[in-house]
J.: 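Submitted below is the structure of interest, expressed as structure tokens.
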Amino acid sequence: MQPVPLAVTTSSKADEAQREEARAVAARWGLPWMSRKPKEGIAPWLGIKAEALLVVGDDGVTLWAPGGSFGFHAGMAHLRRLRLAAGEPDTFVRVAELRAGDAVLDCTLGLAQDALVASLAVGPAGRVVGVEKSLPLCAVASEGLRHFELGPDSCAIEVHHADAHAYLKGLASASFDVVFFDPMFGKPKKAQAAFEVLRLFAEHAPLTAEALREARRVARRWVVVKGARYSDDLRKLGIAPEPTSRFSDVTWGRVAALPQAP
């Protein structure tokens, strides 16, 4: 029997509440549920029963693959939100000119780091929508956000599992103030093992000129793109990098929305 691409199970010390939650996660994402015995190791399952597993435990939903595991955590987004709340600048917020009440479409949600910052920047009257093509990443992010305390100063983050280009085509013109892309860097950076596992499941296709044009049609103000300082990805798309710290390995660019027909 061939292993399924992705399934849901629990930690080895799960109680009945966690087993019920795991069944609910499986139902939400249309994935098979696999019962796990107490103290049963997960490594023998990988590549035999499933290529990858979403494991529901005390630390939320974690994605396990033969190379390791990773889960949702606010990480640097938590620090960025604290700084933003204290009145300190944030590069994404500055480049996108985010303000209260804005609607933001994040076309490369990943683990929702920039979406979390945007949700605070636009406030409870705003809207943040995240689109993620990778089902494992989308499930980890969405399940993590279900339990993350955004607080009264932030809006909720809507998550959609979809191809961003196709999703953009289905949207009306000028339906979001800002559209954002953070494509996966083509050149691996030195990172922890968990990030290398994340890279296995992330979408690696570069941002195309066609998708950028659709984004400009959907945007009312800006399309913002994050890139790597060591690449010329932004310039290939005709986007001039914004000034940033020379110590940063990330660069940002923006292009204006397309003019709307009268």
Side-chain angles (χ1 to χ4, degrees), residues 1-82 108-116 119 130-151 156-162 184-185 188-204:
M1 182 180 294
Q2 291 292 321
V4 298
L6 184 65
V8 179
T9 188
T10 61
S11 69
S12 60
K13 298 179 180 179
D15 56 20
E16 186 55 35
Q18 287 181 348
R19 284 189 283 271
E20 286 299 319
E21 175 63 15
R23 293 187 187 98
V25 171
R28 279 194 288 271
W29 297 98
L31 295 170
W33 146 256
M34 294 182 176
S35 179
R36 186 177 175 190
K37 298 176 182 178
K39 299 183 180 180
E40 184 177 11
I42 206 169
W45 288 24
L46 295 170
I48 304 299
K49 292 186 176 182
E51 297 294 345
L53 287 161
L54 294 173
V55 179
V56 177
D58 291 334
D59 53 352
V61 176
T62 305
L63 177 64
W64 282 78
S69 64
F70 69 86
F72 173 87
H73 56 84
M76 281 300 297
H78 176 64
L79 296 178
R80 290 169 62 192
R81 284 168 58 90
L82 289 176
T108 48
L109 180 67
L111 293 182
Q113 298 293 288
D114 290 297
L116 282 168
S119 73
V131 177
E132 176 53 53
K133 185 175 181 180
S134 167
L135 176 58
L137 291 189
C138 192
V140 169
S142 180
E143 296 300 327
L145 288 170
R146 286 173 63 89
H147 301 286
F148 184 80
E149 293 293 336
L150 285 165
I157 300 173
E158 306 168 36
V159 179
H160 297 275
H161 173 228
M184 176 62 69
F185 293 166
K189 299 181 295 181
K190 291 183 180 180
Q192 296 178 345
F195 184 79
E196 295 305 320
V197 177
L198 184 152
R199 287 183 63 86
L200 293 175
F201 293 95
E203 170 62 30
H204 290 270

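Keep in mind it's a predicted model, so treat the numbers as computed, not measured. All heavy atoms count here, side chains included; hydrogens, waters and symmetry mates do not.
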J.: Looking only at heavy atoms, which two atoms of Leu6 and Leu53 are closest? And how far apart?
T.: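 Closest heavy-atom pair between Leu6 and Leu53: CD1-N, 4.1 Å.
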J.: Considering only residues two or more places apart or on different chains, which pairs with a residue in residues 4-13 satisfy side-chain hydrogen bond (donor to acceptor under 3.5 Å, both in side chains)?
T.: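 Every candidate side-chain hydrogen bond (donor to acceptor under 3.5 Å, both in side chains) pair involving residues 4-13 fails, so no pair, neighbours aside, qualifies.
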J.: Name all residues meeting the side chain to side chain contact (heavy atoms under 4.5 Å, CB included) criterion together with Asp59; count only those two or more places apart in sequence or in a different chain, and write none if there are none.
T.: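 Scan of Asp59 (side chain to side chain contact (heavy atoms under 4.5 Å, CB included), adjacent residues dropped) gives Thr62.
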J.: Taking only residues two or more places apart in sequence, or in another chain, which ones meet Arg80 in a side chain to side chain donor-acceptor pair (under 3.5 Å)?
T.: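 Scan of Arg80 (side chain to side chain donor-acceptor pair (under 3.5 Å), adjacent residues dropped) gives Asp90, Asp114.
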J.: Not counting sequence neighbours, which residues clear side chain to side chain donor-acceptor pair (under 3.5 Å) with Ser142? List them please.
T.: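 Result, side chain to side chain donor-acceptor pair (under 3.5 Å) vs Ser142: none returned.
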J.: Taking Trp33's backbone N and O only, do any of them form a donor-acceptor pair with Arg23's side chain (distance below 3.5 Å, no angle check)?
T.: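 No, the answer is negative, given that no donor and acceptor are paired below the 3.5 Å cut-off.
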J.: Only counting residues at least two apart or in another chain, list the ones meeting side chain to side chain donor-acceptor pair (under 3.5 Å) with Glu143.
T.: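 Once residues adjacent in sequence are excluded, the partners of Glu143 under the side chain to side chain donor-acceptor pair (under 3.5 Å) criterion are Arg28, Trp29.
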J.: What is the minimum heavy-atom distance between Pro136 and Leu63, and which atoms define it?
T.: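 What the structure gives for the nearest pair is CB-CD2, 3.7 Å.
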J.: Does anything in residues 43-56 pair up under side-chain hydrogen bond (donor to acceptor under 3.5 Å, both in side chains), and if so which pairs, sequence neighbours excluded?
T.: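 Applying side-chain hydrogen bond (donor to acceptor under 3.5 Å, both in side chains) to every pair that reaches into residues 43-56, excluding sequence neighbours, yields Glu40-Trp45.
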J.: Are Glu158 and His160 packed together at the side-chain level, in the sense that at least one heavy-atom pair is separated by less than 4.5 angstrom?
T.: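 A side-chain contact under 4.5 Å exists here.
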J.: Using only atom types and a distance under 3.5 Å, with no angle test, would you say the side chain of Gln2 pairs donor to acceptor with the backbone of Ile48?
T.: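 Flag not set: sc Gln2 to bb Ile48 has no pair under 3.5 Å.
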J.: Heavy atoms, side chains only, cut-off 4.5 Å: are Phe72 and Phe148 in contact?
T.: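 Sidechains of Phe148 and Phe72: in contact.
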J.: Please give me the minimum heavy-atom distance between Leu109 and Glu132, naming the atom from each residue.
T.: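 Leu109 and Glu132 have their closest heavy atoms at N-OE1, 3.6 Å.
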J.: Tell me, please, which residues at least two apart from Ala162 pass side chain to side chain contact (heavy atoms under 4.5 Å, CB included).
T.: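 Testing Ala162 for side chain to side chain contact (heavy atoms under 4.5 Å, CB included), a comparison that skips the adjacent residues, returns Val131, Tyr167.
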J.: If only side-chain N and O atoms count, and only distance matters, is there a donor-acceptor pair under 3.5 Å linking Arg19 with Ser35?
T.: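 Note: Ser35 and Arg19 side chains miss the donor-acceptor criterion.
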J.: Could you pull out all residues at least two apart from Glu149 that satisfy salt bridge (Lys or Arg N to Asp or Glu O under 4.0 Å)?
T.: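 Salt bridge (Lys or Arg N to Asp or Glu O under 4.0 Å) check on Glu149 returns nothing, list empty.
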J.: Grab the two heavy atoms, one from Pro3 and one from Ala50, that are nearest each other, plus how far apart they are.
T.: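 Looking at all heavy atoms of both residues, the closest pair is CB-N, 3.7 Å.
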J.: Testing the basics here: between Gln18 and Val56, what is the closest heavy-atom pair and its distance to 0.1 Å?
T.: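 Looks like O-CG1, 4.0 Å.
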J.: Can you name the closest pair of heavy atoms from Val61 and Val25 and give their distance?
T.: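 Answer, listing the atom of Val61 first, then Val25: CG2-CG2, 4.4 Å.
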J.: Answer whether the closest heavy-atom distance between the side chains of Val159 and Cys138 falls below 4.5 Å.
T.: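 SC-SC contact between Val159 and Cys138 confirmed.
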J.: Excluding sequence neighbours, so at least two apart, what forms side chain to side chain contact (heavy atoms under 4.5 Å, CB included) with His78?
T.: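 Once residues adjacent in sequence are excluded, the partners of His78 under the side chain to side chain contact (heavy atoms under 4.5 Å, CB included) criterion are Ala74, Leu82.
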J.: Got a sec, which residues hit side chain to side chain contact (heavy atoms under 4.5 Å, CB included) with Pro66, two or more places apart in sequence or on another chain?
T.: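 So Pro66 forms a side chain to side chain contact (heavy atoms under 4.5 Å, CB included) with Leu46.
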J.: Using modelled atom types and a 3.5 Å cut-off, is there a donor and acceptor pairing between side-chain atoms of His147 and backbone atoms of Gly60?
T.: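 A pair under 3.5 Å: no.
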J.: Quick one: side chain to side chain donor-acceptor pair (under 3.5 Å) partners of Arg146, sequence neighbours excluded?
T.: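 Applying side chain to side chain donor-acceptor pair (under 3.5 Å) to Arg146 gives none.
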